[in-house]
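Below is one structure, written out as structure tokens; the observations come after it.
Note that the coordinates shown come from a computational prediction; the quantities given were computed from them, not determined experimentally.
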Amino acid sequence: MKRTFFISIGIFSLSFFISNSYSASRPFYPLDISNNGKKFLNNSLFIQIFKEERVLELYTKNEKGLFSLVKSYPICNFSGGLGPKTRQGDLKSPEGFYRITRSQLKPDSKYYRAFNLGFPNEYDQAHGYTGSYLMVHGGCRSIGCYAMTDRYINEIYRYVENALHNGQYEIQVNIYPFKMTSANMNRHRNSRYYTFWQQLQPAYEYFTKTNQLPVINIQQGQYLVNKFPNHQLSPAIAGERLQYALTQME
């Protein structure tokens, strides 16, 4: 009875971590739009946005478990310049780490197609930032959103929609002010947003070096990249404890 109880707790703990980690993803089959919509790929989807470069990058996971670039799309418009969105009406487009789920899809958007970025996220809420309905959409007009041409949002939306309707629970979207190389960080070192950008840079560097998603957590109003709050186990430790529980059962 005790062994069954501890094993159940171990399985629950691991499941809880997987479902609550910011970068948790599940297998899915996004539509391969290069093959007339007839082929499905067993990959995971990931999106990066860079303001200064005005580009949205779409990635899928390959057979080795690494992300590779599918296509880069020019951003037609965004507003407010560099820096995070902090309040309703400031017309700024957000920066930070966001997630898309099925409930955030907007196939009937007045800007053709759209998906909601989920602003404000937990970090934004901790800082009292306000705003709503921050999207990636078509129409090429922006008052705080990332606007694409209708042609490009149609293509991006099909990837996102098919991912979420075929097994991927959520899609991570990392939004940066610019490609966060050391040279670019140095170029912007006098910005009033520099301290905030220092929190984003480790995620950019990790993905660039490994082609794997960083784990994003938030504690005391700060982004943690591949670090875990005191109350949360890392995947490795959670796995070890579950394996130990299973061993004790045998």
Side-chain angles (χ1 to χ4, degrees), residues 19 22-51 53-79 93-119 121 132-176 179 203-204 207 211-214 216:
S19 64
Y22 209 82
S23 66
S25 59
R26 296 163 176 78
F28 80 104
Y29 300 87
L31 189 65
D32 180 3
I33 56 178
S34 65
N35 194 29
N36 298 318
K38 296 180 180 179
K39 181 181 178 183
F40 286 81
L41 304 173
N42 185 12
N43 294 322
S44 294
L45 199 67
F46 169 58
I47 293 172
Q48 288 192 130
I49 292 174
F50 299 97
K51 279 184 174 178
E53 290 80 3
R54 302 180 71 93
V55 64
L56 181 152
E57 296 179 344
L58 188 146
Y59 293 81
T60 57
K61 189 183 292 184
N62 62 28
E63 64 279 0
K64 296 181 180 179
L66 303 177
F67 282 88
S68 57
L69 181 65
V70 174
K71 190 170 180 178
S72 294
Y73 299 90
I75 295 171
C76 187
N77 213 342
F78 70 91
S79 61
S93 302
E95 297 173 7
F97 306 114
Y98 297 90
R99 293 178 287 186
I100 308 166
T101 62
R102 288 177 62 174
S103 65
Q104 292 161 238
L105 296 176
K106 306 294 179 184
D108 57 348
S109 169
K110 67 179 180 180
Y111 296 109
Y112 186 55
R113 298 280 189 273
F115 49 86
N116 193 317
L117 289 168
F119 180 95
N121 65 15
S132 58
Y133 304 111
L134 278 300
M135 310 271 183
V136 176
H137 60 62
C140 204
R141 292 191 300 165
S142 172
I143 52 173
C145 298
Y146 290 95
M148 317 298 292
T149 63
D150 287 353
R151 173 190 170 190
Y152 288 146
I153 192 59
N154 184 57
E155 194 170 310
I156 297 164
Y157 186 90
R158 289 179 68 190
Y159 267 98
V160 169
E161 182 181 52
N162 278 279
L164 295 174
H165 281 280
N166 289 279
Q168 185 166 353
Y169 176 71
E170 62 188 20
I171 297 170
Q172 187 167 323
V173 182
N174 292 0
I175 305 176
Y176 300 103
K179 295 198 172 182
Y204 170 83
F207 182 78
N211 294 319
Q212 295 179 325
L213 295 188
I216 308 298

Would F115 and I153 count as a side-chain contact (heavy atoms from CB on, under 4.5 Å) if you check the C-alpha gap in whole Å, the side-chain angles of each, and the deciding distance to 0.1 Å?
CA-CA 10 Å; F115 49 86; I153 192 59; 4.2 Å; yes
When you check the gap from the basic side-chain N to the acidic O, do E155 and K71 get nearer than 4.0 Å?
yes
Contacts of type side-chain hydrogen bond (donor to acceptor under 3.5 Å, both in side chains), residue T101, not counting sequence neighbours:
S103, Q104
Are the side chains of [X] and [Y] in touch, meaning some heavy atoms are under 4.5 Å apart?
X	Y	result
N77	R54	yes
H165	L105	yes
I49	S93	no
N174	Y204	no
Y111	M135	no
Y157	K106	no
Q212	L66	yes

Identify the two heavy atoms, one from [X] and one from [Y], that lie closest to each other, and give their separation to 0.1 Å.
X	Y	result
A203	I216	CB-CD1, 4.0 Å
Y73	L58	CE1-CB, 4.1 Å
G139	D150	N-OD1, 2.8 Å
V55	S72	CG2-CB, 3.7 Å
Q172	P214	NE2-O, 3.9 Å
K51	F78	O-CE2, 3.3 Å

Parallel, tilted or perpendicular: which one describes the rings of F207 and F67, with boundaries at 30° and 60°?
tilted
Parallel, tilted or perpendicular, as decided by the 30° and 60° cut-offs, for the rings of Y59 and F46
tilted
side-chain contact (heavy atoms from CB on, under 4.5 Å) partner of Y159, the single match among I171, L45, L164
L45
Pick out which of I175, L117, V136, V160 makes a side-chain contact (heavy atoms from CB on, under 4.5 Å) with I47.
V160
What's the spacing between [X] [atom1] and [Y] [atom2] if we round to 0.5 Å?
X	Y	atom1	atom2	result
I156	H137	CD1	NE2	12.0 Å
Q48	E53	CD	CD	10.5 Å
I75	T149	CD1	OG1	11.5 Å
I100	Q168	CD1	CD	9.0 Å

Run the side-chain contact (heavy atoms from CB on, under 4.5 Å) check on Y146 and L56 step by step: do they pass?
CA-CA 9 Å; Y146 290 95; L56 181 152; over 6 Å; no
Given M148 and Y112, is the side-chain contact (heavy atoms from CB on, under 4.5 Å) satisfied, shown in steps?
CA-CA 10 Å; M148 317 298 292; Y112 186 55; over 6 Å; no
Got a sec: does the CZ of R151 have more than 12 other heavy atoms crowding it under 6.0 Å?
no
Within a 6.0 Å radius of atom CG on L69, are there more than 12 heavy atoms belonging to other residues, nucleotides or ligands?
yes
Heavy-atom donor-acceptor pair, N162 side chain to R158 backbone, under 3.5 Å
yes
